[in-house]
There are 2 protein chains.
Amino acid sequence: MENKVTPDKNTEMPDLEVLFDLADLFKVFGDSTRIRIMFTISDREMSVLNIAEALKMEQSTISHQLRVLRQNKLVRVRREGKQIYYSLDDDHVKKIIEMGLDHVLE
Amino acid sequence: MENKVTPDKNTEMPDLEVLFDLADLFKVFGDSTRIRIMFTISDREMSVLNIAEALKMEQSTISHQLRVLRQNKLVRVRREGKQIYYSLDDDHVKKIIEMGLDHVLE
DNA sequence: TGTTCATATGATTATGTGTTCATATGTTAA
DNA sequence: TTAACATATGAACACATAATCATATGAACA
């Protein structure tokens, strides 16, 4: 059983700076447009325009949000000719979303 | 090995409403004051004043943020006389934070 | 080179949000 | 009851942020 009380393993408070980084990370997940983008590219990489079309949103809006995702290393970028393809950076990202989904759906 | 490509298990996009709820949930984690509160009460329940003292912040500020945590069912509340004790609602919360920490610390 | 297409970026605007101050609510004990 | 204490709440303000429009950058190809 995993859910028994564990008084030993006391979660020590990380440095303030780490806590700020942590909040900043979750802030990125805290926007529905970015969440939708992440779902959209979770299976396969997609170009900016394709994402915009899939979500029926402005190319500019998507581009702005992709930048946020990029800056936080949540997406991977690959250029091929004129288009730039985005995909999720690693399984980490998926796992964070899944954890959140669990909470929301329960 | 876990990290091989799995083209079958395509993460289906949940309903828009769920995605909004998901973003809203992460929004709650996206504030350093709330993150610090959650760390503060992760080991043991604490009263509002104690939390405020621990974080050297106004009682009012803590109270406002505790309300947000309450509304999102992330904390548990117990009254004992004049004081009200807060603790994390379940291990879920801890796990979400830990996932985030993993990403931040890597 | 000039044109077209895909993406990125800057400025603006509207909206959301965290903190503070002042005060209200509610509990305990005299 | 009243006083003292703990917590919650409302209003105000300062600040952050997402979407939009217009435009810039950069690649491909005639």
Side-chain angles (χ1 to χ4, degrees), chain A residues 16 19-41 44-89, chain B residues 16 19-41 44-89:
Chain A
L16 250 186
L19 294 183
F20 275 103
D21 290 347
L22 186 55
D24 283 343
L25 174 69
F26 284 125
K27 227 171 268 177
V28 180
F29 287 84
D31 175 79
S32 58
T33 298
R34 288 191 291 266
I35 287 276
R36 294 176 74 204
I37 291 177
M38 290 190 269
F39 265 104
T40 303
I41 63 177
R44 61 212 167 295
E45 60 174 16
M46 285 182 76
S47 73
V48 179
L49 260 191
N50 283 164
I51 300 172
E53 283 162 6
L55 301 184
K56 296 188 174 64
M57 299 185 80
E58 301 268 339
Q59 172 268 325
S60 171
T61 302
I62 302 301
S63 206
H64 275 296
Q65 298 309 336
L66 280 171
R67 177 160 60 126
V68 176
L69 294 173
R70 236 187 296 129
Q71 286 170 337
N72 285 274
K73 302 190 194 301
L74 300 180
V75 294
R76 210 174 314 204
V77 192
R78 186 176 68 86
R79 161 154 246 148
E80 185 180 316
K82 281 184 244 179
Q83 6 252 353
I84 296 186
Y85 290 93
Y86 283 87
S87 55
L88 287 191
D89 185 75
Chain B
L16 250 188
L19 294 182
F20 275 103
D21 289 347
L22 186 56
D24 283 342
L25 175 70
F26 284 125
K27 228 171 267 177
V28 180
F29 287 84
D31 174 77
S32 59
T33 298
R34 287 191 290 267
I35 287 277
R36 294 176 74 205
I37 291 176
M38 289 191 270
F39 265 103
T40 304
I41 64 178
R44 60 212 168 296
E45 61 175 13
M46 286 181 78
S47 73
V48 179
L49 260 191
N50 284 165
I51 299 172
E53 283 162 7
L55 300 184
K56 295 187 173 64
M57 298 186 78
E58 301 269 340
Q59 173 268 324
S60 170
T61 303
I62 302 301
S63 206
H64 275 298
Q65 298 308 336
L66 281 172
R67 178 160 58 125
V68 177
L69 294 173
R70 235 187 296 129
Q71 286 169 337
N72 286 274
K73 299 189 197 301
L74 300 180
V75 294
R76 210 174 313 204
V77 192
R78 184 176 69 85
R79 162 154 246 148
E80 185 180 317
K82 280 184 243 177
Q83 7 253 351
I84 295 185
Y85 291 92
Y86 283 87
S87 55
L88 288 191
D89 186 75

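Naming convention: chains lettered A, B, ... in sequence-line order (proteins, then strands); numbering from 1 in each chain.
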Given [options], identify the nucleotide with an atom nearest to the side chain of [X].
X: S60(B); options: dA18(D), dG10(C), dA22(C); value: dA22(C)
X: I84(B); options: dA6(D), dC21(D), dA8(D); value: dA8(D)
X: Q83(A); options: dT7(C), dG18(C), dT7(D); value: dT7(C)

[X] [atom1] to [N] [atom2], straight-line distance once rounded to whole Å:
X: R36(B); N: dG18(C); atom1: CZ; atom2: C1'; result: 14 Å
X: R67(A); N: dA11(C); atom1: CZ; atom2: C1'; result: 12 Å
X: I41(B); N: dT7(D); atom1: CD1; atom2: P; result: 13 Å
X: K27(A); N: dC15(D); atom1: NZ; atom2: P; result: 15 Å
X: R79(B); N: dA8(D); atom1: CZ; atom2: C1'; result: 10 Å
X: E58(A); N: dT13(C); atom1: CD; atom2: C1'; result: 15 Å
X: L66(B); N: dA8(D); atom1: CG; atom2: P; result: 7 Å
X: I51(B); N: dT19(C); atom1: CD1; atom2: P; result: 14 Å

Phosphate oxygens OP1/OP2 of [N]: is one of them under 4.0 Å from a side-chain N or O of [X]?
X: Y86(B); N: dA8(D); result: yes
X: T33(A); N: dA19(D); result: yes
X: T61(B); N: dG18(C); result: no
X: R70(A); N: dA8(C); result: yes

| message | Just to be sure I understand the rule, does Q59(A) reach a base, reach only the sugar-phosphate, or reach nothing, if contact means heavy atoms closer than 4.0 Å? | response | base
| message | Categorize Y85(A) for me: base, sugar-phosphate, or nothing, with a 4.0 angstrom heavy-atom threshold over every strand shown. | response | nothing
| task | Could you pick out which residue, E80(A) or Q65(A), lies toward the 5' side of DNA chain D when each is mapped onto its nearest nucleotide? | result | Q65(A)
| task | Identify, between G81(A) and R34(A), the residue whose nearest nucleotide on DNA chain D lies closer to the 5' end. | result | R34(A)
| query | If you round to the nearest 0.5 Å, how far is CZ of F29(A) from CG of L25(B)? | reply | 11.5 Å
| request: Find the distance between CD1 (I84(B)) and NZ (K82(B)) and round it off to the nearest 0.5 Å. | output: 13.0 Å
| field | Nucleotide forming a Watson-Crick or wobble pair with dA27(D), both distances under 3.5 Å | value | dT4(C)
| request: Once you apply the 3.5 Å cut-off to both distances, tell me the Watson-Crick or G-U wobble partner of dA3(D), or none. | output: dT28(C)
| Reference residue Y86(A); test side chain to side chain donor-acceptor pair (under 3.5 Å); the match among R70(A), R78(A), E45(A) | R70(A)
| task | Can you establish whether the number of heavy atoms outside K27(A) located under 6.0 Å from its atom NZ is more than 12? | result | yes
| said: Quick one, L49(B) with Q83(B), criterion side-chain contact (heavy atoms from CB on, under 4.5 Å). Give me CA distance, side-chain angles, the key distance, then yes/no. | reply: CA-CA 8 Å; L49(B) 260 191; Q83(B) 7 253 351; over 6 Å; no
| message | Pick the closest DNA chain C nucleotide for S63(A) and for K82(A) by heavy atoms, then say which residue is nearer the 5' end. | response | K82(A)
| request: Using the six-membered ring for Trp and the full ring for Phe, Tyr or His, decide whether H64(B) stacks on the six-membered base ring of dT19(C) (centres under 5.5 Å, planes under 30°). | output: no
| query | Do I51(A) and M57(A) touch side chain to side chain, with heavy atoms closer than 4.5 Å? | reply | no
